[in-house]
Amino acid sequence: MGSYLVSLQPKKKFMSIQLSDQEMFRRNALEEMRNLGIEPYPAETYAINATSKEILEKFPNDNSLYQDISIAGRIMTRRIMGAAAFAEIQDSSGRIQLYFKRDDICPGEDKTMYNTVFKRLLDIGDIIGIKGYAFYTQMGELTIHVREYKVLCKSLKPLPVVKEKDDVVFDAFSDPEQRYRQRYVDLIVNPEVRDIFIKRTRIVNSMREFLNRGGYLEVETPVLQPLYGGAAARPFKTHHNTLDMPLYLRIANELYLKRLIVGGFDGVYEFSKDFRNEGMDRFHNPEFTQMELYVAYKDYEWMMNLVEEMVEKIALDVYGSTIIRVGENDIDFKRPWQRFTMFEAIEHFTSIDISMMEETELVAVATKFGVNVDASMGKGKLIDEIFGEKCEPYLIQPTFITDYPVEMSPLAKKHRSKAGLVERFEAICNGKEICNSFSELNDPIDQRQRFESQLELGKRGDQESMVLDEDFLRALEYGMPPTAGLGIGIDRLSMIITNSPSIQEVLFFPQMRPEVIEAHVSDSANPFQDTVVPEAWASILVKLGIGSPSALREANINKLFNDLNGMRKKMKLDVAALKIEELKTWVE
RNA sequence: CUCUCCGUAGCUCAGUUGGCAGAGCAAAUGACUCUUAAUCAUUGGGUCGAUGGUUCGAAUCCAUCCGGGGAGACCA
């Protein structure tokens, strides 16, 4: 700890103020273990030969099994009755009860491993390995009788203790902020959360298996792109130092995959993390996952059949059924799904046929339905808005919507028979789009014109209009076979299939504003020595992770103000509360 | 960006019309050899998200800010 910090508070007091009593007890237990010659963080392998799940499944059928178990897990509950005790450990497959008996753990005179280590120095949250045998208690619960145990990891932070009886959960760890920020805790104490993520992986595995079986090649394309394209969205912009040029994080990988079709692959797909610099809500995270697939010599009709088949298989692989309960509804993914053209869908829900309307009439209809209309909207956008307002939310069962206005689909091929439309479909399910697909536009001259009309929309103020990609056009000029393309949102699909109401529930680490975490300050000089920042506050800045004057200048001043005073209060510092005016003088 | 709800002990939550911060679980100490939200006894622990204001007095009222949830705007 640097000298300027020592002058602030003596180290001992400094530390004890920040740790709760429970954390202090655990640190003391750690020391005591070491004094007893027990290493709380041993290095060597702990060999296991069973999991809680397989014991619970197989022992009831054959009581001769599991008489020499080695198993490891985290202590989740303990019920101690003097010389005997029950505990539960949780491993990756679930929980199982343990029975500890003093004279079995400690057959000799020395009862330390039971009386001191087990009863006093171990806590809920610690990870132990045990050896023993399976049996039934008098109450009939399958339990492991522990012969010996070993400390594998001492936990220094108290875990939230969630209890359950008759399927009623008590004191659930439920605060969304804490659950998302400390997902590891969420995963430890909320088994249904881990189940969601297991299902998500199964969905991805099932899809990949389906695609590989179809003979499509899984590929990787750039995340950092000099031009962003393939979707209508605003990008994240970054900078490459050596090239000294801006680069964008991809908003889609469509244009790269189509270059590969030009290059002669018949079918390529990629699970891609895409990034869109837009609002965040229940359905949008700045980074999200999409699977894009392009198949040569196919069209959108063919792709619709593929989507139905693929999603039906996923439902069957995950649940063994095509029917999934989602919120209030039972959604059935069984083929075939209902198909509507966009105009049919609008007519179905509004009884108005807008298929022949001009822009001014569409504006009137849109306004009537409460759509916010502005000058940047073209005809296609208006139709799309009307659909989004009056149809999409009401489509619960999986439904294909086909034949979109050309203005909204600059990468899709013109409809073979309907003027002004393109060969495009979306699958809508539970009121939300889950995929988007079209017969890909492979006429390079038409494609150039579409890009140019996108530039027009950009001039009208549409911030999401696409940019013109000359290299992509060059690729098309060499010739791309007729191709069907698909983008399917993995997060959206996972939400539906796991019955999760928000995207945060299907992302391990959803995007959040940064949290204040006190950094451990090591011995170093005051980085604010040559500034107007007082020494007392400088140490707090370092603890908040702000280690240089430039970092200070980049910080959000209101948040910093809040955080600094928060730390002052928490650490009971003997300095006056910081005024925002004073803070402002630091960054000037 | 707007509206709205929320922020109190490690966790889940109470806190009346402003009047000395409460409970359950968790923790500590002790008792208890088949418990299971184990039980019984005793004990410690929070300055109420931050700042400023009103007041004799603020967790409580007001303003601004920080963080989160929900709805909307925006957005495939």
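Not measured: the values here are computed from a predicted model. Lettering of chains follows the sequences in order, A, B, ..., and the numbering in each one begins at 1.
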message: Heavy atoms only, 4.0 Å cut-off, all strands: where does A/Glu433 land among base, sugar-phosphate and nothing?
response: base
task: Classify the nucleic acid contact of A/Arg181 as base, sugar-phosphate or nothing, counting any heavy atom under 4.0 Å across all strands shown.
output: sugar-phosphate
task: Write down the distance between CD1 (A/Ile80) and P (B/rC32), rounded to a whole number of angstrom.
output: 13 Å
- request: May I ask you to verify whether the side chain of A/Gln97 and the base of B/rU35 hold a donor-acceptor pair under 3.5 Å?
  value: yes
Any pair counted as salt bridge (charged side-chain N to carboxylate O under 4.0 Å, His left out), so long as it reaches residues 113-125 of chain A, sequence neighbours left out: A/Glu32-A/Arg120, A/Asp123-A/Lys154
message: Please confirm whether the shortest side-chain N or O distance from A/Arg79 to OP1 or OP2 of B/rU35 is below 4.0 Å.
response: no
query: Rounding to the closest angstrom, what is the interatomic distance between B/rC1 and B/rU12 at atom P?
result: 29 Å
message: For the CE atom of A/Met24 and the CZ atom of A/Arg27, what is their distance to the nearest 0.5 Å?
response: 7.5 Å
message: Strictly distance-based, threshold 3.5 Å: is any side-chain N or O of A/Gln67 a donor or acceptor partner for the main-chain N or O of A/Ala134?
response: yes
message: Say we look at B/rC61 and B/rG22: how far apart would their C1' atoms be, to the nearest angstrom?
response: 22 Å
- prompt: Roughly how many Å is it from OH in A/Tyr136 to P in B/rU35, rounded to a whole number?
  reply: 18 Å
- prompt: Which value, in whole Å, describes the distance between the P atoms of nucleotides B/rC11 and B/rA50?
  reply: 15 Å
Per A/Arg282 side chain, nearest of listed nucleotides B/rG70, B/rU51, B/rG68: B/rG70
query: So which nucleotide from B/rG67, B/rC74, B/rC65 ends up closest to the side chain of A/Asn558?
result: B/rC65
message: Both A/Arg276 and A/Arg120 contact RNA chain B. Which one's nearest nucleotide lies toward the 5' end?
response: A/Arg120
Any donor-acceptor N/O pair, A/Gln90 side chain to A/Ile188 backbone, under 3.5 Å: yes
message: Under 4.0 Å, heavy atoms only, any strand: does A/Gln138 hit a base, just the sugar-phosphate, or nothing?
response: base
Separation of atom CZ in A/Arg95 from atom P in B/rU35, rounded to whole Å: 20 Å
- request: Would you mind reading off the distance between A/Phe100 atom CZ and B/rC34 atom C1', rounded to a whole angstrom?
  value: 15 Å
task: Write down the distance separating the P atoms in B/rG24 and B/rU64, rounded off to the nearest Å.
output: 39 Å
field: Rounded C1' spacing from B/rU51 to B/rG67 in Å
entry: 15 Å
message: Main chain of A/Asp91, side chain of A/Ser52: is a donor-acceptor contact present, judged purely on distance under 3.5 Å?
response: no
field: Complementary nucleotide for B/rC61 - Watson-Crick or wobble, under 3.5 Å
entry: B/rG53
message: If the threshold is 4.0 Å, N to carboxylate O, is there a salt bridge linking A/Asp384 and A/Lys381?
response: no
query: Taking OP1 and OP2 of B/rU36, is either one under 4.0 Å from a side-chain nitrogen or oxygen of A/Lys163?
result: no
statement: Taking a pair to mean Watson-Crick or G-U wobble geometry with both distances below 3.5 Å, B/rA31 pairs with B/rU39
message: Is it the case that the side chain of A/Asn556 and the backbone of A/Asn558 share a donor-acceptor pair, with hydrogens and angles ignored and the cut-off at 3.5 Å?
response: yes
statement: Per atom distances to the A/Phe561 side chain, the nearest of B/rG70, B/rG69, B/rU51 is B/rU51
For B/rC25, the Watson-Crick or wobble partner whose two distances fall under 3.5 Å: B/rG10
- request: Identify whether any heavy atom of A/Gln290 sits under 4.0 Å from a base atom; if not, whether one sits that close to sugar-phosphate; answer base, sugar-phosphate or nothing.
  value: nothing
query: Can you give one letter per nucleotide of nucleotides 1-15 of chain B, going 5' to 3': B for a protein heavy atom under 4.0 Å from the base, S for sugar-phosphate only, - for none?
result: ---------BSB---
Donor-acceptor list for residues 398-411 of chain A side chains, cut-off 3.5 Å, not counting sequence neighbours:
| unit_1 | atom_1 | unit_2 | atom_2 | d |
| --- | --- | --- | --- | --- |
| A/Thr399 | OG1 | A/Gln397 | O | 2.7 |
| A/Thr402 | OG1 | A/Phe340 | O | 3.4 |
| A/Asp403 | OD1 | A/Tyr300 | OH | 2.7 |
| A/Asp403 | OD1 | A/His415 | NE2 | 3.4 |
| A/Asp403 | OD2 | A/His415 | NE2 | 3.4 |
| A/Asp403 | OD2 | A/Lys418 | NZ | 2.8 |
| A/Tyr404 | OH | A/Glu426 | OE1 | 3.4 |
| A/Ser409 | OG | A/Pro405 | O | 3.4 |
| A/Ser409 | OG | A/Arg424 | NH1 | 2.7 |

task: For B/rG46 and B/rA14, measure between their C1' atoms and round to the nearest Å.
output: 15 Å
field: Protein-nucleotide distance (A/Phe283, atom CZ; B/rG70, atom P), rounded to Å
entry: 10 Å
- line: Ranking B/rU36, B/rC34, B/rG67 by distance to the side chain of A/Lys559, first place goes to B/rG67
query: Taking the P atom of each, how far is B/rG49 from B/rC6, in whole Å?
result: 13 Å
task: Would you mind pulling out the nucleotide paired to B/rU47, Watson-Crick or G-U wobble, both distances under 3.5 Å?
output: none
query: Paired with B/rU16 by Watson-Crick or G-U wobble geometry, both distances under 3.5 Å: which nucleotide is it?
result: none
Base partner of B/rU4, which must satisfy Watson-Crick or wobble distances under 3.5 Å: B/rG69
query: Aromatic rings A/His145 and A/Tyr99: how do their planes relate, parallel, tilted or perpendicular, breaks at 30° and 60°?
result: perpendicular
- request: Measure from NZ or CZ of A/Lys273 to the centre of the six-membered ring of A/Phe288, then state whether that distance is under 6.0 Å and the direction lies within 45° of the axis.
  value: no
query: How close or far is atom C1' of B/rU29 from atom CG of A/Asn28, stated in whole angstroms?
result: 15 Å
query: If you pin A/Glu385 and A/Met512 to their nearest nucleotides in RNA chain B, which one's is more 5'?
result: A/Met512
message: What is the separation between atom CZ on A/Phe86 and atom C1' on B/rC32, rounded to the nearest whole Å?
response: 13 Å
query: Tell me: OH of A/Tyr99 to C1' of B/rU36, nearest whole Å?
result: 14 Å
Rounded P spacing from B/rC65 to B/rG70 in Å: 22 Å
